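Remarks on the structure that follows.
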Amino acid sequence: MSEIRICMVGSAMTDLIARVPRLPAPGETLIGSSFRIGFGGKGSNQAVMAARLGAKVSVVVKLGKDVFGENYLQNYKDQGINTDFVFFDEDRSSGVAPITVDDTSGQNSIVIVPGANDSLCSEDVQKAKSAITEAHVVICQLETPLEASLEAFKIARENQALTILNPAPARDLPDEILELTDIFAPNEVEAAMLSGQSIEKLEDAKQVAQALLKRGPKHVIITLGDKGAVFVSQGGEAKVHQAEQVKAVDTTGAGDAFVGSLAYFLGADWALEKAVARACDLATLSVQKPGTQTSYPYRKEVLNLLEG
Ligand code: RIB
């Protein structure tokens, strides 16, 4: 395998995960069955997924000077991720994400408190220019300031790196970032919010994908949970990949498993259709185990999925 280099510019959160009999209603107190602390944050989840598949990964992130930050730095090292551009904010806490997971369905609800993630800025990205310049693929999300993602994608474009934007959590986006995006990869909730159109069925997702494509990205992929993904390229027809049906234990981070794997496969120059199909397979594997990064497989466990 020739080296696949990926640079992730984005978020790190410590997940505070409670399993509950069902997701709570407003004002309701529920008794949970278990609690665990894990490594999360959409960006870092994506970076870890790509690293586990065998990519050489760098991260450009900001942590707090606290125990969560120290532990997270060690986590990157344990995963073989380059930490040269892990920055620290002296004044803000590390990002955290209280998460509830429904014991029956495996569905989740997430709150993020970004803390130090909020101070990742274009100057930090400039300092990490060498990591972006040598990457085949650059990934960003929206848990860190847009100015950092914009700076990263400008450097990536100058160096012909593929850019993947996972617009999560969704917010209004200027066309400038979409025009610098090769692969725009929202989930169905984010795609509906960003397009202002509801998604009830597959045909709606196809239409929304076409509408988002008009804003500038070269390809749009909308992930649809257990229904798979809809994807479309400039000038093409929207296509569907149906995911394998399995019993979900915990869906947290499945979208990140998809994006991290997609980055790996596209970095390996696979065609979009095959990359989407295999990334769906990896996301499907992740929902069958509890936790976020704890649910991601290692290369040796999925060699059959990595063959071209
Ligand atoms: O996508 C899942 C992730 O969202 C969690 O790990 C949590 O930290 C939030 O960023």
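All values below come from the heavy atoms of this structure, side chains included, with hydrogens, waters and symmetry mates left out. Note that ligands are numbered from 1 as they come in the structure, with each ligand's atoms numbered from 1 the same way. Remember, predicted model here, so these are calculated numbers, not experimental data.
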Looking at Lys239, Glu273, His219, which hits side chain to side chain donor-acceptor pair (under 3.5 Å) with Ser233? His219
Glu301/Arg52 ion pair, N-O < 4.0 Å: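 A salt bridge is absent here (no side-chain N lies under 4.0 Å from a carboxylate O).
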Should Asp15 and Arg36 count as an ion pair when the cut-off is N to O under 4.0 Å?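 Salt bridge absent between Asp15 and Arg36.
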In a simple table, one pair per line, please give the protein and ligand 1 atom names for every N or O pair closer than 3.5 Å, along with the distance.
residue	atom	partner	partner atom	Å
ligand 1	1 (O)	Lys42	NZ	3.0
ligand 1	1 (O)	Asp256	OD2	2.7
ligand 1	4 (O)	Lys42	NZ	3.0
ligand 1	6 (O)	Asp15	OD1	3.2
ligand 1	6 (O)	Asp15	OD2	2.7
ligand 1	6 (O)	Gly41	N	3.1
ligand 1	6 (O)	Asn45	ND2	3.0
ligand 1	8 (O)	Asp15	OD1	2.5
ligand 1	8 (O)	Gly41	N	2.8
ligand 1	10 (O)	Lys42	N	3.3
ligand 1	10 (O)	Glu143	OE1	3.2
ligand 1	10 (O)	Glu143	OE2	2.6

State, with a plain yes or no, whether a side-chain heavy atom of Ile221 is found less than 4.5 Å away from one of Val230. no
State which residues pass ring-ring contact (aromatic ring centres under 6.0 Å, His included) with Phe184; sequence neighbours excluded, sorted by chain then number.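 Partners of Phe184 by the ring-ring contact (aromatic ring centres under 6.0 Å, His included) criterion come out as none, since no residue qualifies.
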Is the Phe265 ring parallel, tilted or perpendicular to the Trp270 ring (thresholds 30°, 60°)?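 Ring orientation of Phe265 relative to Trp270: parallel.
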